[in-house]
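First comes the structure, then the notes that go with it.
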Amino acid sequence: MKPIYLDNNSTTKIDKRVLDKIIPFLTDHYGNPSSTEHPFGWEANDSINKSREQISKLINCSPNEIIFTSGATESNNISILGVLNKNKKEQKHAITAITEHKSILDVFDYASKNGTSTTYLNVNKNGMIDIDELKDSITNKTKLISIMLANNEIGVIQPIDDISQICKEKNITLHVDAAQALGKINIDVRNTKIDMISFSSHKIYGPKGVGCLYINRKTMKDRISPIIFGGGHERGLRPGTLALHNIVGFGEACEIARKNMNQDIANIDILQNIFLKKLQDKYPALIINGDIDNRIAGNLNISFPSLGGKSLIKRLTKIAVSSGSACTSASPEPSHVLKAIGLSTSLIHSTIRIGIGKFNTRDELDIAAEHILEVITNMKN
Ligand SMILES: *Cc1c(COP(=O)(O)O)cnc(C)c1O
């Protein structure tokens, strides 16, 4: 039997309604949205536009501020390198945080080897950056700040409104990785001053291999240059034939999120609280990693002290959870995020990330809690 899926921060099961919308675009509606000479192309282009509208409604921006990409990793690359590549000769400084996703950190690493000076902000033991440290690290060369909205490992939400205020005052371009926040918290682009935001479809019950970049007019016009070339699609920032079926699916996933998000998140919250209480009743010493007040629903990153650093995840055969971020767990390195908030390597081994999603049931979480408690009891004996 397959384990119970509790790894919804890594990816999510596609929503049936999304799948139903996608299928016809893999069969009958195969036109190229760039074909302007015939109905196959017109129809495809209409469907792309509809998806653009569905997404822009969820985040409150204009449809022409959406650039389709293959996912948040690509959006992060296009936005960060694109801004740093503009006026290449100019000395530039860029700021991010040590707990970002690898698709930010690796891009910053590349940029720092290619002439950009970089600053990595620390986080406190709750995983939050310090606004004063951010302010102090800004120089007259600072062109870009990239801070994630919600962390993929520990779920904490950074104070993006404060950061965007600072960026606006200092005229610095702000990029935000919101792959974990979309569909979980309200994102209102109009009412914040964020210049670029990365999104992914497969974290919100849409298909894999598609995402988008929100980019505002000012940044599009004056502050970015492309890093991929050919054909001029997506306002020249992301050329290549659009992945019509995936884009249609992503749009539908966003529409479902817009209509059902509040209810779904409320349900996830209830399940999460019942689950956590069960664990805490039997194991009061457990530690929830990441700020308890500023966090997305469904993410529980939990350390179990007193297991003597023994690997917990290997023994949890009935549930599919993560030991850290999925992107780093292929290598045995302890998670950079858990290290950043001060966890010892030993405690990191006894840490799991539980990602509860909208398809999880009360029954599943009851079984999961009992399984975890049973495994822990056996490990202590
Ligand atoms: C999943 C994730 C990404 C990568 O998104 P893909 O669409 O899989 O490339 C980037 N950042 C964060 C915070 C994520 O959770």
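When a ligand or atom number is given, it counts from 1 through the structure's own listing order.
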Min N/O separation E74 to ligand 1 under 3.5 Å: no
Any salt bridge between R295 and D291, counting N to O under 4.0 Å? no
Please work out, at 4.0 Å between heavy atoms, whether the side chain, the backbone, both, or neither of M148 comes within that distance of ligand 1. side chain
Any heavy atom of T73 under 4.0 Å from ligand 1? The part involved is both
Looking at every heavy atom in both Y205 and N8, which two are closest together, and how far apart are they? CE2-OD1, 4.5 Å
Students often mix this up, so state it plainly: with edges at 30° and 60°, are the rings of H29 and F25 parallel, tilted or perpendicular? tilted
The salt bridge (charged side-chain N to carboxylate O under 4.0 Å, His left out) partners of E255 (sequence neighbours excluded) come to K259
Before you tell me yes or no, could you show the steps for S70 and V210 under side-chain contact (heavy atoms from CB on, under 4.5 Å), namely the whole-Å CA-CA distance, both residues' side-chain angles and the distance that decides it to 0.1 Å? CA-CA 4 Å; S70 67; V210 63; over 6 Å; no
May I ask you to check if ligand 1 and A72 share an N or O to N or O distance below 3.5 Å? yes
Does a salt bridge link R52 with E234, judged by any charged N lying under 4.0 Å from a carboxylate O? yes
The atoms of ligand 1 lying under 4.0 Å from a heavy atom of Q180, numbered in the order shown, are 13 (C), 15 (O)
Before accepting this row, confirm whether a basic side-chain N of the pair D222/K218 lies closer than 4.0 Å to the acidic partner's carboxylate O. no
Only heavy atoms of S103, strictly under 4.0 Å: list the atoms of ligand 1 that pass. 10 (C)
Among the heavy atoms of H202, does any lie under 4.0 Å from an atom of ligand 1? yes
Do any nitrogen or oxygen atoms of N76 lie less than 3.5 angstrom from nitrogen or oxygen atoms of ligand 1? no
Within 4.0 Å of some non-hydrogen atom of K203, the atoms of ligand 1 are 1 (C), 2 (C), 3 (C), 14 (C), 15 (O)
Where ligand 1 meets N152 - atom numbers and elements under 4.0 angstrom, heavy-atom basis: 13 (C), 15 (O)
